[in-house]
Amino acid sequence: MKKVDSFKILTAPAVIFVFVLFAYMLFVYIYMSIPIFQWEGCGIYLTNIWHASEIPAEEYYGIAAAIWGSVYTSIIAVVIALPLALSYSIFVNDFAPPRIKNAVIVTSDVMAGLPTIIYGIWGAYVLVPFLRQWVMMPLYSTLSFIPLFSYPPVSGYSYLSAGVLLGIMVTPFASAIIREAYASIPHTYREAAYSLGLSRYEVTRIVAGMIRPAMVSGLLLAFGRAIGETVAVSLVIGNTFNMSISLFSPGYTISSLIANQFGNAFIYEHMTSALFAGGLALFVIGTAINMAGLLYLRRWKQNVKF
Amino acid sequence: MLSFRQIKDKIFVGLVLAGTFAALFPLFHIICTVVIMGLPAILSRGLVFFTGTLSQGGIGPALYGTFMLAFLSSLIGLPVAFLVGLFVYEYPESKLGGFVKSLLQIMLEFPTILVGVFVMSIMVIPMGTYSALAGAFALAIIMIPYVAVYTAEAMHHIPTTYREASFSLGLSRVKSVFHVLVPMAKRGIMTGVLIAIAKVAGETAPLLFTAGGLYETYPQGVTSPVGAIPLLIYTLIQSPSPADHATAWGAALVLLLIFIGVFVPIRMSLKEVKM
Amino acid sequence: MSNYAIETRNLKIAYGKKEVIKGVNFKIPEKIVFALMGPSGCGKSTLLRSFNRLLDLNKDARVSGEALLFGQNIYGENVDVMSVRREIGMVFQYPNPFPHLTIYENIAIGLRLNKIVQGREELDSRIKWALEKASLLDEVEDRLDDYPSALSGGQKQRLVIARVLAMKPKVLLLDEPTANVDPVGTKNIENLLMELKKEYTIVLVTHEPAQASRISDYVGFLYLGELVESGPTARIFENPKHELTDRYVRGILA
Amino acid sequence: MGEILVGKIKELKSDVLDMGKLAVTMLKDAVEALKSQNTQLAETVLDRKTEIARMDEAIEEKALRMIALYHPVSRDMRTIAAALKMITYLTRIGRYAKDIAKTAVLLANEPHLSKLVEIPYMADKVVGMIDDALTAFENEELAPLENFAERDDEIDALYYSIFRESITYMMEDAKNITKCIHYIIIARYLERCGDHACKIAEKVHYMVTGEHIEIK
């Protein structure tokens, strides 16, 4: 009876290939990071020094600024994406007439898939000047005593620009998840709420309350996307080793650091390893956040039965 | 006289409309900007823009490279992704099946730059050169989870009753899946494949350290460097020359048209896929 | 050795820890219509699916005890599951001709993939034969290359029956075959079953006692995974021995 | 749907029982009219003849409609089948009561021979059997039907005894012949009513158990 399943034989190699690939990827990042940990220990993650040198003994790399930049810009992105994605979901499910609804959904899906380099070129040429002129300058001239706005917006390339661009880019991801969760609430709840004589705002608040976990996972996944984004960010963030809370100051993210430095890292003794350590950090943070988002979403889908 | 409640309701509706507008408006602005900036660049150079080398003011090698990379990465990625998708569909309840599914979802969200760096260290460094093959391999890794998830999803949409019917005819698992069920889900799978190709054709980060870039001659073979439109744009924006910027906008328009030309018709047809 | 088409001996089926069929024993003679009836969720469909080992598709399902097909235990060792399924045809609740195949191809696919017939001519004649048997030939003869979506629910279901008959099975299993079919289609299918029982043993699952009473020769009443009562249809409907059966056929089982 | 049918069947049963009561009182009254030579009472029995015929028709229609609409099975089907048969038997009983009442009018002017021989006693026995059969039907139980065979035998014996006694009177005096022939015919009617009681009992037995029996 124990016949070998030929279907398994056929598909198993592909599955094993994917597993091995992923495991190998993790292995490569850990293995390649080891030298820098041996060289400077945890300093790689905890200090903000970027000292490349022809003389290996003088090399020292600390990527705290890049880690901070990745997290900071992603947080800005999520803060921007949440209200937009929520409005969008409410509009699509509650207000939009059928024709517009489909167009709006397709638009959002196109935005989710649009090549990031196009966001990048638009960000660098359109968004950054716009933000500098209409947001940063006025805020700086009036509110510069607040630490958030204290950095002079010289070029416009900054955490804020990167965060806003990322926010625009990840809104469709958050939207897709929130929209679906919102749509999964049966119409009868809405009818019940309206029957109580509630206004649109009040009804929506009740229904939106039902999908709070989905909103959280949508934001986690959007955060995961934002933190991994490379080219668009590297074109607008300014690529400066800076560690500041000020929104208008230029900075670095891990991914833009890798994109900028990896090409010539082989010249130096320790830089390659330092960048791999940065990649490892990105690997771990990104995977952890995404897994949390996915688990949260899966648990919500399993637990909630309308 | 409006009550406080009614005013609040009006404000709420206004905010929702404004938020939706803010979420979608950038796309239209991007499209307009890219057309306004890119069209003159293309028109002023004519056909040369599509066939010429960079010094001739064209993106020919990059265009060619993008198609080459899309083709090669499909060649590597699609069979693997297709089989993995079928595995996930066939063994959804097994531990391994669930594990693979989670892995695919993680890979779907995985930072693409990390894939590029990984492929560089396992292919470019040993081979001693950037190559189309390395670029295609990096893109294939990004493509696999898309196609696998779409495949599993498309298969999943086939009602169980057809599955039972095909097994009831005394067909083996291989025959049931490949000869009966896969053809039923053909459309859904093709959709996933096309979306994945459109997606990887627009990728930049994984190509940064793998494909190398090649803009003055057409690529020679799969083991030599190759260019790609997104990569070209990335390089050109960082150049100080205004002529390069014009070329970048033109290239962006081409990329946008390719993407929208593939993606939108597929996405529009999606809602018709019904059993 | 055995005159029974299907016989079960203490057949038990569980999904995970939940036992849905709790030790069922019955014998189904050849060339009759045997109806399995019972309220929804009593395990009828599960039991039916165990007869062609379709439960193998469900990872959670555990079968113990014996189910004999013409005396041979289909859960025994060295049983070729696929040949068991070929000997038993199955028709489902939802009329499910493969929507991506033409009417002709729908019947041909089992024959082709199982390499049952050789050559185009033999295939043609076998398909005609099956359609004839399923009393569908007249209705579809001139549109064999159309897709089944053009057919009515009743015709689709007869196409499924033709697909199954083409494999020349010995036993037909039908899982509420008329649940998604209109009254005219239902009548046609019921007439067809009356015709087919001259050559095949038919096991029919139905949640409608009236249907069981119309077309079956024997009925089994299944309740909460147990076979409460079985016997000749007329006897069960005129004078059921068990209180539950009585309440069920009268339509007052809570 | 099952519950609706159960309600309808209850209604049907109570209709049959009403009809049964009517038939029994008709029979009782006819025999009483005969005994007490009360022509008025006899007339009321004759009047009730149309009522029982109407009930027969109404119940039959109701039962047939239930079959058409609800496809009864099992006990429901058996109850309706029993009811359909019972109303025929009850109609017959009613008709015999009518015939007895007619005879009562004819025999109202001359005193009865030997206190009407054993006819009233026999009538009591028959009425008892019909009552018991109806009770069994009402409660769906077999206990009241237990010794119907013996009771039927007793009725038959009474009939023969009335028959022989009447023959004796006729041989004594030719003037008694008319009266005695009426007595024999009435005894014969009562004997038939006893048989119908047995038939009803058989149907009730079928209704309760699903098995056909014959009471001899």
Side-chain angles (χ1 to χ4, degrees), chain A residues 5-7 10-11 14-15 17-19 21-22 25 28 32 83-88 90-91 95 104 106-111 113-122 124 126 168 171 175 199-201 221 224-225 227-228 230-231 235 255 258-259 262-263 279 282-283 286-287 290-291 294, chain B residues 5 8-9 12-13 15-17 19-20 22-24 26-27 29-30 33-34 80 83-84 86-87 90 100 102-103 105-107 109-114 117-118 121-122 141 144 172-174 177 195 198-199 202 204-205 208-209 230 233-234 237 248-249 252 255-256 259-260 263-264 267-268:
Chain A
D5 191 340
S6 50
F7 183 83
L10 202 63
T11 51
V15 173
F17 174 76
V18 172
F19 263 108
L21 198 67
F22 196 79
M25 194 138 69
V28 164
M32 296 296 280
L84 300 189
L86 193 58
S87 309
Y88 165 86
I90 294 168
F91 178 77
F95 296 163
V104 166
V106 172
T107 306
S108 176
D109 285 0
V110 169
M111 286 183 80
L114 199 69
T116 53
I117 187 67
I118 293 183
Y119 281 106
I121 189 172
W122 179 79
V126 179
I168 292 169
T171 297
S175 297
S199 71
R200 268 184 296 198
Y201 166 67
L221 290 173
R225 277 273 164 173
I227 208 165
T230 310
V231 288
L235 290 175
S255 52
I258 295 173
F262 201 79
L282 187 57
F283 198 131
T287 306
N290 284 326
M291 266 168 81
L294 289 170
Chain B
R5 226 173 140 190
K8 214 162 71 174
D9 201 46
F12 163 70
V13 174
L15 283 176
V16 166
L17 291 176
T20 310
L24 302 177
L27 179 66
H29 199 274
I30 287 169
T33 312
V34 170
V80 175
L83 293 176
V84 171
L86 291 183
F87 181 88
E90 271 299 309
V100 177
S102 306
L103 181 65
Q105 280 173 324
I106 288 167
M107 283 176 75
E109 308 284 333
F110 197 70
T112 52
I113 180 83
L114 296 183
V117 171
F118 165 69
S121 60
I122 64 159
I141 294 176
I144 285 170
S172 66
R173 197 181 282 269
V174 171
V177 171
I195 285 182
K199 175 84 196 154
T204 318
L208 277 176
F209 311 113
I233 299 171
Y234 185 67
I237 309 174
W249 283 108
L255 186 61
L256 186 70
F259 174 75
I260 289 183
F263 188 88
V264 174
R267 183 56 191 74
M268 298 293 275

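Each chain gets a letter, A, B and so on, in the order its sequence line appears, and its residues count up from 1.
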Taking side chain as everything from C-beta outward and backbone as N, CA, C, O, which of these in F17(A) sits under 4.5 Å from a heavy atom of chain B? Side chain, backbone, both or neither. side chain

Any idea which of A23(B), A252(B), A205(B) has the most non-hydrogen atom pairs under 4.5 angstrom with chain A? A23(B)

Could you give me the CA-CA distance, side-chain angles and deciding distance for L282(A) and L114(B), then say whether side chain to side chain contact (heavy atoms under 4.5 Å, CB included) is met? CA-CA 8 Å; L282(A) 187 57; L114(B) 296 183; 4.1 Å; yes

Given heavy-atom pairs under 4.5 angstrom as the criterion, report whether the side chain, backbone, both or neither of F118(B) touches chain A. both

Decide side chain to side chain contact (heavy atoms under 4.5 Å, CB included) for V18(A) and M107(B); before the verdict, give the C-alpha distance in whole Å, the side-chain angles of both, and the deciding distance to 0.1 Å. CA-CA 10 Å; V18(A) 172; M107(B) 283 176 75; 3.8 Å; yes

Part of V231(A) lying under 4.5 Å from any heavy atom of chain B: both

Can you tell me how far apart CD1 (I141(B)) and CG (L21(A)) are? Round to the nearest 0.5 Å. 4.0 Å

Where does L24(B) contact chain A at under 4.5 Å (heavy atoms): side chain, backbone, both or neither? both

So what's closer than 4.5 Å to chain B heavy atoms on T171(A): side chain, backbone, both or neither? side chain

Rounding to 0.5 Å, atoms CG (L15(B)) and CZ (F91(A)) come to a distance of 14.0 Å

Between L103(B) and chain A, which part of the residue has a heavy atom less than 4.5 Å away: side chain, backbone, both or neither? side chain

Option that, when pairs with chain B are counted at under 4.5 Å, heavy atom only, ranks first among I121(A), T11(A), I118(A): I121(A)

Per-residue tally against chain A (heavy atom, under 4.5 Å) across F263(B), F87(B), W249(B) peaks at W249(B)

With a 4.5 angstrom heavy-atom cut-off, which part of L17(B) approaches chain A: side chain, backbone, both or neither? side chain

Heavy-atom contact with chain A under 4.5 Å, split by part of L208(B): side chain

Indicate yes or no: at least one non-hydrogen side-chain atom of R267(B) is less than 4.5 angstrom from one of V110(A). no

Strictly distance-based, threshold 3.5 Å: is any side-chain N or O of D9(B) a donor or acceptor partner for the main-chain N or O of S199(A)? no

Where does F19(A) contact chain B at under 4.5 Å (heavy atoms): side chain, backbone, both or neither? both

I258(A) versus chain B, the contacting section by heavy-atom distance below 4.5 Å: both

Ranking P83(A), G113(A), G286(A) by heavy-atom pairs under 4.5 Å to chain B gives rank one to G113(A)

Please look at S172(B) and chain A and tell me whether the side chain, the backbone, both or neither of the residue comes under 4.5 angstrom of a heavy atom of that chain. neither

Indicate yes or no: at least one non-hydrogen side-chain atom of I122(B) is less than 4.5 angstrom from one of V28(A). yes

Contact summary for G228(A) and I113(B), nearest pair of heavy atoms: O-CG2, 4.3 Å

For the residue pair F22(A) and F110(B), does the interplanar ring angle fall in the parallel (under 30°), tilted (30 to 60°) or perpendicular (over 60°) class? perpendicular

Quick one: which of I144(B), V34(B), V177(B) has the most heavy-atom pairs under 4.5 Å with chain A, could you say? V177(B)

Which bit of N290(A) is near chain B, if near means a heavy-atom gap under 4.5 Å: side chain, backbone, both or neither? side chain

Contacting region of V80(B) [heavy-atom separation from chain A under 4.5 Å]: both

Heavy atoms only, distances under 4.5 angstrom: which of D109(A), I90(A), T107(A), V106(A) has the most pairs with chain B? Name it, please. D109(A)

Relative to chain A, which of K8(B), K199(B), E109(B) shows the most heavy atom pairs under 4.5 Å? E109(B)

Check whether V117(B) gets within reach of chain A through its side chain, its backbone, both or neither, counting any heavy atom under 4.5 Å. both

Taking all non-hydrogen atoms of both residues, which atom of W122(A) and which atom of P26(B) are closest, and how far apart? CH2-CB, 4.3 Å

Side chain, backbone, both or neither: which part of L10(A) has a non-hydrogen atom closer than 4.5 Å to chain B? both

Where does V15(A) contact chain B at under 4.5 Å (heavy atoms): side chain, backbone, both or neither? both

Chain A heavy atoms under 4.5 Å from V264(B): which part of the residue, side chain, backbone, both or neither? side chain

So which part of F259(B) gets closer than 4.5 Å to some heavy atom of chain A, the side chain, the backbone, both or neither? side chain

How close do G202(B) and I117(A) get, counting heavy atoms only, and between which atoms? O-CG2, 4.4 Å

Any idea which heavy atoms bring F209(B) and A259(A) closest together, and the distance? CZ-O, 3.6 Å

What part of L114(A) is in contact with chain B, defined as an atom under 4.5 angstrom from a non-hydrogen atom: side chain, backbone, both or neither? both

Before you tell me yes or no, could you show the steps for Y88(A) and V16(B) under side chain to side chain contact (heavy atoms under 4.5 Å, CB included), namely the whole-Å CA-CA distance, both residues' side-chain angles and the distance that decides it to 0.1 Å? CA-CA 7 Å; Y88(A) 165 86; V16(B) 166; over 6 Å; no

Chain B heavy atoms under 4.5 Å from I168(A): which part of the residue, side chain, backbone, both or neither? side chain

